[in-house]
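Here is the structure we will look at, set down as structure tokens.
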Number of protein chains: 2
Amino acid sequence: MKTIKLIIADDHELFRNGLKELLKKYSDIDVVDCVADGKEFIDVLKNNSELDVVLLDITMPNMDGFEVLNEIKSLNKSVKPIIISMHDEGNYIAKCAKNGAYSYLLKNTDQDELIKIIRIVSGGKKYFSPKISEKMINYMSEQTVSEHILSKKEQEVLELLSKGLTTKEIALKLFVSSRTIETHRANIIKKLEVKNTAELIKKASKINLI
Amino acid sequence: MKTIKLIIADDHELFRNGLKELLKKYSDIDVVDCVADGKEFIDVLKNNSELDVVLLDITMPNMDGFEVLNEIKSLNKSVKPIIISMHDEGNYIAKCAKNGAYSYLLKNTDQDELIKIIRIVSGGKKYFSPKISEKMINYMSEQTVSEHILSKKEQEVLELLSKGLTTKEIALKLFVSSRTIETHRANIIKKLEVKNTAELIKKASKINLI
DNA sequence: TAATATATCCGTATAAATACGGATATAAAT
DNA sequence: ATTTATATCCGTATTTATACGGATATATTA
């Protein structure tokens, strides 16, 4: 049986070492290294392409878990990150999911669950528990807002705007004068309480209007 | 025991009626109505505030499931939508989650699972199975990209741009000439292959750069 | 070492967006 | 029936953004 090569990256020594001891009992799991921050982990990663799984804390000095996730992606490494965090806020979870985490566990997860998930993830499957999913989804839906803030025309203009069309192009497309489109845009900007088009697109994107 | 008042909204008559028959066997579930499209459902919803759960198809004539989810939110109704769909693509799932769905099931879900979830959701809890979560999360992470496309300065400029600062304001903030910021923006636009700032912000937002 | 990416600066010209002002006709809501 | 929201149009002035052109110094990478 092939063993699962695993690294622990966490800045709390006791947690890190405790976890290592705990994993020693499992013959299919091989804790090859323990590191105390993200930078250190990336250094190890660069010289080691045999790693299967990393148990990754979010809050660490030098380089935090989010940055590590990104770095793993840009280095094109196949190590599968499992986030182990004390934070159960939806935005943390969503951010990790977006950035390529294979799972997200809380630090009070029980041992059996942890082992189960290490095994699932080492096989290349992502696993987010219903409880964690629920938090993430609640956060995601909080961020959105009814489409009815904007009128149909405004919504249409916003859509085209976000596709990179200029005022004139939109006007041509909708068979009205550019002046009308300018007014529409001005009204949209006022409604969403932003300063200009750039901020508008960001906000519209955030609240799911486009 | 309080019964769960439920509506089925699906444009396939056989599926709709079959489901109704199936749910009849459960004494805690009361199928109060069946409708064939989104518009019809919203009409029923407006005159009925006692509904607990709606089993909602996505592809329906007149008004699709996504629009229905939005309408439920804008009408401030407490009915909890469970999506029942044939599509298991991540983008569908993510969109439903964002728009307030309480669960997402495939049409081949087994009966016990369906009943279990109706009961969970009627109690006000969202439930997305690990399998469905996995699809959604895979989609979400596909949409993102390494932060290393842009240089640090470019990333910084993009960030400020998305906050609604003008070129001049950014230049002042970063102690360089406006011309430099203009160049940065032009380079960012080129790198992300977009036409202008509006499209840039949309894309940057989509691939998680801001 | 040579090539490439980055960060900085400049000029000129045109196109586009923003900020004001005001107007009208229709539809929807109170 | 009166108010409110929507969609449409116009003028003027200023500020920004875009599109070209080119240049230099410093890192980083191959």
Side-chain angles (χ1 to χ4, degrees), chain A residues 39 42-43 46-47 71 74-76 145-204 209, chain B residues 39 42-43 46 71 74-76 145-204 209-210:
Chain A
K39 191 84 196 59
I42 293 296
D43 287 343
K46 278 181 178 166
N47 302 307
E71 197 63 24
S74 25
L75 293 174
N76 243 310
V145 109
S146 153
E147 281 171 0
H148 294 253
I149 300 174
L150 301 184
S151 71
K152 284 213 162 160
K153 265 279 155 350
E154 286 169 342
Q155 180 69 37
E156 197 178 5
V157 169
L158 174 59
E159 212 86 47
L160 295 172
L161 209 53
S162 78
K163 284 183 179 156
L165 304 217
T166 65
T167 300
K168 204 184 282 178
E169 289 168 332
I170 298 173
L172 276 170
K173 192 157 201 148
L174 302 187
F175 307 106
V176 294
S177 96
S178 318
R179 213 54 230 299
T180 304
I181 303 302
E182 282 172 33
T183 307
H184 282 317
R185 192 188 30 225
N187 291 336
I188 300 170
I189 285 175
K190 198 178 285 171
K191 279 190 183 176
L192 295 200
E193 296 172 298
V194 291
K195 284 202 284 296
N196 55 29
T197 303
E199 199 187 354
L200 167 64
I201 301 293
K202 189 192 173 191
K203 180 150 190 184
L209 249 33
Chain B
K39 191 87 195 60
I42 293 296
D43 287 344
K46 279 181 176 166
E71 197 63 24
S74 22
L75 292 174
N76 241 309
V145 109
S146 152
E147 281 170 1
H148 294 251
I149 301 175
L150 301 185
S151 70
K152 285 213 161 158
K153 264 280 154 355
E154 287 169 341
Q155 180 69 36
E156 196 177 6
V157 169
L158 174 60
E159 210 86 48
L160 296 171
L161 208 54
S162 78
K163 284 184 180 157
L165 304 217
T166 65
T167 300
K168 203 184 284 176
E169 288 168 332
I170 297 173
L172 276 170
K173 190 157 201 147
L174 303 187
F175 307 107
V176 295
S177 96
S178 319
R179 210 56 229 299
T180 304
I181 303 302
E182 283 172 33
T183 308
H184 282 317
R185 193 188 31 226
N187 291 336
I188 300 170
I189 285 175
K190 199 178 285 171
K191 279 191 183 175
L192 295 200
E193 296 171 299
V194 290
K195 284 201 284 296
N196 55 29
T197 303
E199 200 187 355
L200 166 65
I201 301 293
K202 189 193 174 190
K203 180 148 190 188
L209 249 32
I210 48 177

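So that the names make sense, note that chain A is the first sequence line, chain B the second, and so on, each numbered from 1.
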| task | Please work out if B:Thr197 contacts a base, only the sugar-phosphate, or nothing of the nucleic acid, heavy-atom cut-off 4.0 Å. | result | sugar-phosphate
| field | Closest to side chain of A:Val176, choosing from C:dG11, D:dC9, C:dC9 | value | D:dC9
| query | Rounded to whole angstrom units, what separation is found between the NZ atom of A:Lys46 and the C1' atom of D:dT29? | reply | 13 Å
| said: Could you tell me if the side chain of B:Ile201 sits less than 4.5 Å from the side chain of B:Leu158, heavy atoms only? | reply: yes
| Do other residues, nucleotides or ligands put more than 12 heavy atoms under 6.0 Å from the NZ atom of B:Lys191? | yes
| task | Tell me which nucleotide among D:dA7, D:dC10, C:dT18 gets nearest to the side chain of A:Lys153. | result | D:dA7
| message | Looking at A:Lys191, I'd like to know whether one of its side-chain N or O atoms comes within less than 4.0 Å of OP1 or OP2 on D:dT6. | response | yes
| note | Here the distance between atom C1' of C:dA5 and atom CD1 of B:Ile149, to the nearest Å, is 15 Å
| note | Rounded to whole Å, CD of B:Glu199 lies from P of D:dA17 at a distance of 17 Å
| A:Phe175 has an atom CZ; how far is it from atom P of D:dA7, in whole Å? | 17 Å
| field | Atom pair distance, as rounded to whole Å: CG in A:Leu172 and C1' in C:dA16 | value | 14 Å
| So does B:Ser151 get a side-chain nitrogen or oxygen closer than 4.0 Å to the phosphate oxygens (OP1/OP2) of C:dT6? | no
| message | With a cut-off of less than 4.0 Å, is there a side-chain N or O of A:Lys168 near OP1 or OP2 of C:dA16? | response | yes
| query | Does a salt bridge link A:Arg185 with A:Glu182, judged by any charged N lying under 4.0 Å from a carboxylate O? | reply | no
| Is any side-chain nitrogen or oxygen of A:Arg179 closer than 4.0 Å to OP1 or OP2 of D:dT8? | no
| Atom-pair distance (CD1 on A:Ile181; P on D:dA7), nearest Å | 11 Å
| note | Comparing A:Leu161 with B:Ser177, nearest DNA chain C nucleotide closer to 5' gives the residue B:Ser177
| Side-chain touch B:Asn196/A:Thr197, heavy atoms, less than 4.5 angstrom | no
| query | A:Val157 and A:Ile170: which non-hydrogen atoms are nearest, and at how many Å? | reply | O-CD1, 4.1 Å
| message | Any base atoms under 4.0 Å from B:Asn196, or only sugar-phosphate, or nothing? Heavy atoms, all strands. | response | sugar-phosphate
| request: Please work out if B:Lys190 contacts a base, only the sugar-phosphate, or nothing of the nucleic acid, heavy-atom cut-off 4.0 Å. | output: nothing
| Separation of C:dA17 P from A:Asn187 CG (nearest whole Å) | 16 Å
| query | Is the distance from OP1 or OP2 of D:dT16 to the nearest side-chain N or O of B:Thr167 less than 4.0 Å? | reply | no
| remark: Between CD of A:Glu169 and P of C:dA15 the distance, given in whole Å, is 13 Å
| query | Hey, which of these two, B:Glu182 or A:His184, hits DNA chain D nearer its 5' end, going by closest nucleotide? | reply | A:His184
